[in-house]
**Q** 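Below you will find the structure I want to go over with you.
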Amino acid sequence: MDILKHYKIWFAISLCVILVGFGMFAVKGLNEGIDFQGGTQIQYNLNETFDTKTIEDGLEEVNKDLNPSVMKTGIDETKDMEVIIRTTTSLSADDRAEIESMIKTLYPEAVHRSTDQYSASVGGEIKTRALWAVIIAAAGMLIYITFRFEIVFGLAAIAALLHDVFILLSVYAIFQVPVNSAFIAAVLTVVGYSINDTIVVFDRIRENVKFEKRPDYFEVANRSLSQTIVRSINTSITTLLVIGALYVLGVDSIKELAFPLMAGVLAGTYSSIFIASPIWALWKKSTASKQQHYKSV
């Protein structure tokens with residue numbers, strides 16, 4: 001398969017998705033949850049099954065500016081009796097009393113479980129730590145791949161990782177998925193998954209280069225991708241089946257993690273095939289051309 005022949009198309013597809021995501025980010029921004037933005041979280045055991053829409057309507061009557069997130073915590077209809085109400089507004093004691101009165105009116109047997117307040121300063125610290133986590137992970141991977149392979153492989157892998165992170169951020173921006181502590185887990189999981197798939201392809205490229213005296217880097221990359229693409233696709237399909245089951249069967253908080261993970265796995269598979277390998281081949285070809293030029297001079 002001559003995958004690298006159309007590398008400009010593969011790059012353009014990724015660029016379009018990222019530009020759309022950044023455009024949505026510029027217009028709407030990210031849907032930051034209380035973990036990052038600060039706010040209030042209240043949990044109740046309603047002692048009966050419920051519809052989140054009913055509670056959302058009740059909160060709308062209490063305060064139109066709350067912009068709440070209402071989630072179920074149960075795993076099935078018989079146990080689905082607990083609700084978590086989140087809002088990026090820091091609620092006063094009177095606000096919380098009004099909400100409890102509304103809950104008691106709708107569900108007389110409701111029992112208050114907990115109330116947590118999140119400050120914006122804590123959210124800022126979480127953002128900083130998340131950024132450093134990604135930077136440290138990327139630096140560690142670059143050092144390992146450079147030591148295990150060579151610097152060109154490492155730089156191509158980091159470019160693919162940046163691609164995956166930008167795609168994931170685009171998914172959060174386009175679909176307005178809440179950005180909370182699960183966001184950090186999603187980013188680091190996607191980074192780890194992507195680099196694993198990329199290293200498998202690079203390892204085959206390295207093996208195939210050994211048998212070429214004057215390698216055609218595009219041909220070697222194509223042959224290596226042809227030899228590993230079935231493995232990459234099968235691994236992605238099995239991973240997506242598991243995450244998809246979590247998304248279909250899980251509660252709202254699990255879905256907020258599962259959906260971005262599915263997008264991230266697809267992006268990671270795409271980048272290992274259509275982004276990392278073409279970057280490596282282009283870089284090696286450019287380096288070889290410069291060396292040949294210097295020798296002729």
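No experiment lies behind these values; they were computed from the predicted model shown.
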**Q** Does any non-hydrogen side-chain atom of V200 lie less than 4.5 Å from one of R204?
**A**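 No; the side chains remain at least 4.5 Å from each other.
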**Q** Taking the side chain as every heavy atom from C-beta outward, state whether W10 and I3 have any atom pair closer than 4.5 Å.
**A**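 W10 reaches I3 side chain to side chain.
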**Q** So, for M81 and F50, which heavy atoms are closest and what is the spacing to 0.1 Å?
**A**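 Taking M81 first and F50 second, the nearest heavy atoms are C-CE2, 3.7 Å.
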**Q** Above 12 or not: heavy atoms from other molecules or residues under 6.0 Å from CZ of F25?
**A**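 Open: at most 12 neighbouring heavy atoms sit under 6.0 Å from CZ of F25.
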**Q** Between CD of Q43 and OG of S114, what distance do you get to the nearest 0.5 Å?
**A**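 Interatomic distance, Q43 CD to S114 OG, rounded to 0.5 Å: 4.5 Å.
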**Q** Please examine the side chains of M102 and E61, heavy atoms only from C-beta on, and report whether any two atoms are closer than 4.5 Å.
**A**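 Side chain of E61 against side chain of M102, heavy atoms only: no contact under 4.5 Å found.
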**Q** Any sub-3.5 Å donor-acceptor pair from E98's side-chain atoms to L59's backbone N or O?
**A**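 No, E98 side chain to L59 backbone: no donor-acceptor pair under 3.5 Å.
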**Q** Once you round to the nearest 0.5 Å, how far does CD1 of I84 lie from CZ of R113?
**A**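 Those atoms lie 10.0 Å apart.
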**Q** Please say yes or no: joined through hydrophobic side-chain contacts below 4.5 Å, possibly via intermediate residues, are L169 and V191 part of one cluster?
**A**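 Yes; tracing contacts between hydrophobic side chains, which count when under 4.5 Å, links both residues.
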**Q** Same hydrophobic cluster for L19 and F175, using side-chain heavy-atom links shorter than 4.5 Å among ILVMFWY?
**A**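 They do not share one cluster, since no chain of ILVMFWY contacts under 4.5 Å joins L19 to F175.
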**Q** Taking the basic N atoms (NZ, or NE/NH1/NH2) and the acidic carboxylate oxygens, is any pair closer than 4.0 Å for K53 and E60?
**A**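 Looking at K53 and E60, the cut-off is not met.
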**Q** Does a donor on one side chain and an acceptor on the other come within less than 3.5 Å for T198 and S272?
**A**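 On atom types as modelled, these side chains do not qualify, holding no pair under 3.5 Å.
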**Q** Do Q117 side-chain atoms and L91 backbone N/O form a donor-acceptor pair below 3.5 Å?
**A**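 Confirmed, Q117 side chain pairs with L91 backbone.
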**Q** Determine whether the side chains of Y193 and T235 contain a donor N or O and an acceptor N or O closer than 3.5 Å.
**A**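 Checked: Y193/T235 side chains show no N/O donor-acceptor pair below 3.5 Å.
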**Q** Kindly determine whether N180 and E256 satisfy side-chain contact (heavy atoms from CB on, under 4.5 Å), including the steps that lead there.
**A** CA-CA 9 Å; N180 46 38; E256 288 181 0; 2.9 Å; yes
**Q** Determine whether L162 and W132 fall in the same hydrophobic cluster, where Ile, Leu, Val, Met, Phe, Trp and Tyr are linked whenever their side-chain heavy atoms lie under 4.5 Å apart.
**A**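 Not linked; separate clusters.
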**Q** Nearest heavy-atom pair of A110 and K104: which atoms, and what distance?
**A**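 Answer, listing the atom of A110 first, then K104: O-NZ, 2.7 Å.
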**Q** Which heavy-atom pair separates P278 from I273 by the least distance, and what is that distance?
**A**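 Scanning both residues, the minimum pair turns out to be CD-O, 3.8 Å.
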**Q** Is the distance between the ring centroids of F22 and F166 under 6.0 Å?
**A**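 Yes.
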**Q** Where does the angle between the aromatic ring planes of Y247 and F259 fall among parallel (under 30°), tilted (30 to 60°) and perpendicular (over 60°)?
**A**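 Ring orientation, 0 to 90° scale: tilted.
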**Q** Supply the atom-to-atom distance L266 CG to L261 CG, rounded to the nearest 0.5 angstrom.
**A**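 If we round to the nearest 0.5 Å, L266:CG and L261:CG are 11.0 Å apart.
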**Q** Counting C-beta onward and ignoring hydrogens, is there a side-chain heavy-atom pair between L257 and I243 closer than 4.5 Å?
**A**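 Sidechains of I243 and L257: no contact.
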**Q** When rounded to the nearest 0.5 angstrom, what distance separates CG in N67 from CD in E56?
**A**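 The CG atom of N67 sits 10.0 Å away from the CD atom of E56.
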**Q** Does the side-chain contact (heavy atoms from CB on, under 4.5 Å) test come out yes or no for T40 and T89, once each step is laid out?
**A** CA-CA 6 Å; T40 307; T89 303; over 6 Å; no
**Q** Which heavy atom in Y107 sits nearest to a heavy atom in E48, and how many Å separate them?
**A**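 That closest heavy-atom pairing would be CD2-CD, 3.5 Å.
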**Q** Which is it for F202 and E207 under the side-chain contact (heavy atoms from CB on, under 4.5 Å) test, yes or no, and what are the steps along the way?
**A** CA-CA 9 Å; F202 281 176; E207 291 177 357; over 6 Å; no
**Q** I'd like to know whether the aromatic ring centres of W283 and Y217 sit less than 6.0 Å apart in this structure.
**A**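 When the ring centroids of W283 and Y217 are compared, they turn out to be at least 6.0 Å apart.
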**Q** Donor-acceptor pair, N45 side chain versus E82 backbone, under 3.5 Å?
**A**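 No: the side chain of N45 does not pair with the backbone of E82.
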**Q** Assess whether a salt bridge exists between R96 and E100, defined as any Lys/Arg side-chain N lying under 4.0 Å from an Asp/Glu carboxylate O.
**A**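 E100 and R96: not salt-bridged.
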**Q** Within the 4.5 Å heavy-atom criterion, are S277 and I205 side-chain neighbours or not?
**A**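 Yes - at least one pair of side-chain heavy atoms lies under 4.5 Å apart.
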**Q** Any cation-pi pair here, K285 with F218, using under 6.0 Å and within 45°?
**A**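 Ring-cation test returns yes.
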**Q** Drop me the distance from Q41's CD to T87's OG1, to the nearest 0.5 angstrom.
**A**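 Nearest 0.5 Å value for the CD-OG1 distance: 11.5 Å.
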**Q** Can you spot which of I199, I136, I195 makes a side chain to side chain contact (heavy atoms under 4.5 Å, CB included) with M141?
**A**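 Among the candidates, only I195 passes.
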**Q** Going by atom types only, do D95 and S92 share a side-chain donor-acceptor pair under 3.5 Å?
**A**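 Present: a donor and an acceptor within the cut-off.
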**Q** Measuring from T239:OG1 to L241:CG, what's the distance to the nearest 0.5 Å?
**A**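 CG of L241 is found 8.5 Å from OG1 of T239.
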**Q** L142 vs L155, test: side-chain contact (heavy atoms from CB on, under 4.5 Å). Steps then yes/no.
**A** CA-CA 7 Å; L142 177 60; L155 293 174; 4.2 Å; yes
**Q** Search all heavy atoms of A157 against all heavy atoms of I145 and return the closest pair with its distance.
**A**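 Closest approach of A157 to I145, heavy atoms only: CB-CD1, 3.6 Å.
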**Q** Is it true that D197 and R231 have a side-chain N and a carboxylate O under 4.0 angstrom from each other?
**A**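 Yes.
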**Q** Check the hydrophobic clustering (I, L, V, M, F, W, Y; side-chain heavy atoms under 4.5 Å; chains of links allowed) and say if V20 and L15 are grouped together.
**A**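 As far as the 4.5 Å side-chain criterion goes, L15 and V20 are not connected within one cluster.
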**Q** Parallel, tilted or perpendicular: which fits the ring planes of F149 and F153, with parallel below 30° and perpendicular above 60°?
**A**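 Because their plane-to-plane angle lies in the 30° to 60° range, the rings of F149 and F153 count as tilted.
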**Q** Using the six-membered ring wherever Trp is involved, compare the ring planes of Y270 and F274 and label them parallel, tilted or perpendicular (cut-offs 30° and 60°).
**A**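 Taking F274 first and then Y270, their aromatic rings sit tilted (interplane angle of 30° to 60°).
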**Q** Between V111 and Y44, is there a side-chain heavy-atom distance shorter than 4.5 Å?
**A**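 Side-chain contact under 4.5 Å: no.
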**Q** Can I279 be reached from I151 by stepping across I, L, V, M, F, W or Y side chains whose heavy atoms are under 4.5 Å apart?
**A**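 Yes, it is one cluster - the side chains of I151 and I279 are joined through contacts under 4.5 Å.
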**Q** Is the closest side-chain heavy-atom distance between L168 and D164 below 4.5 Å?
**A**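 They are not in contact (no side-chain heavy atoms under 4.5 Å apart), so the answer is no.
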**Q** Any side-chain heavy atom of I103 within less than 4.5 Å of one from L46?
**A**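 Side chain of I103 against side chain of L46, heavy atoms only: contact under 4.5 Å found.
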**Q** Quick one: closest heavy-atom pair of A267 and I167, and the distance?
**A**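 In this case the closest contact between A267 and I167 is CB-CG2, 3.6 Å.
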**Q** Between Q227 and N208, do the side chains contain an N or O donor and an N or O acceptor separated by less than 3.5 Å?
**A**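 Per modelled atom types, Q227 and N208 side chains form a pair under 3.5 Å.
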